[in-house]
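What follows is a set of notes on a single structure, which appears directly below.
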Amino acid sequence: MRLVVDLNRCQAYAQCVFLAPEVFALHGDEGLLFSPRFDEGLRDRVEQAVAACPVQAILVDCSDEPTRGVQPRVG
């Protein structure tokens, strides 16, 4: 499983940070940092964080196939 966050859509409400601090963090007042891959044991927390995002900026990609032509980005 892999997280995809639309950082242009993210408004730094930080609901994800409160629900899954092992995966999400704020850098400064508005910059979201996240781990694109996370431990399966955190799946419930991550799904709650995805559902809690008021602007629906977080998606969970369940495919195991690598994304071609896209470089991982943090921040």
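We're numbering straight along the sequence, starting at 1.
Looking at heavy atoms from C-beta onward, Gln15 lies in side-chain contact with Pro54 at the 4.5 angstrom threshold. Here the side chains of Cys16 and Leu32 are in contact, with some heavy-atom distance below 4.5 Å. Residues Leu3 and Val60 are in side-chain contact: their nearest non-hydrogen atoms beyond the backbone lie under 4.5 Å apart. A 4.5 Å side-chain heavy-atom check between Val50 and Leu59 finds every atom pair outside the cut-off.
Residues passing the side chain to side chain donor-acceptor pair (under 3.5 Å) test with Gln11, sequence neighbours excluded: none. Taking Gln48 as the reference, nothing meets the side chain to side chain donor-acceptor pair (under 3.5 Å) condition, with sequence neighbours excluded. In this structure Arg43 satisfies the side chain to side chain donor-acceptor pair (under 3.5 Å) test together with Glu40, Glu47, sequence neighbours excluded.
No continuous path of ILVMFWY side-chain contacts below 4.5 Å connects Val55 to Leu26, so the two sit in separate hydrophobic clusters. Residues Phe38 and Leu7 share a single hydrophobic cluster, defined by chaining ILVMFWY side chains whose heavy atoms lie under 4.5 Å apart. Val17 and Leu19 sit in two unconnected hydrophobic clusters of ILVMFWY residues. Membership requires side-chain heavy atoms under 4.5 Å apart, directly or through other members.
Residues Phe18 and Pro21 share a closest heavy-atom pair of O-CD, 3.9 Å. The shortest heavy-atom contact between Arg9 and Gln56 is NH1-O, 3.3 Å.
Within the model, atoms CZ of Phe24 and CG of Leu33 stand 11.0 Å from one another, a figure rounded to the nearest 0.5 Å.
Exactly one residue among Asp6, Val5, Val46 makes a side chain to side chain contact (heavy atoms under 4.5 Å, CB included) with Ile58. That residue is Val5.
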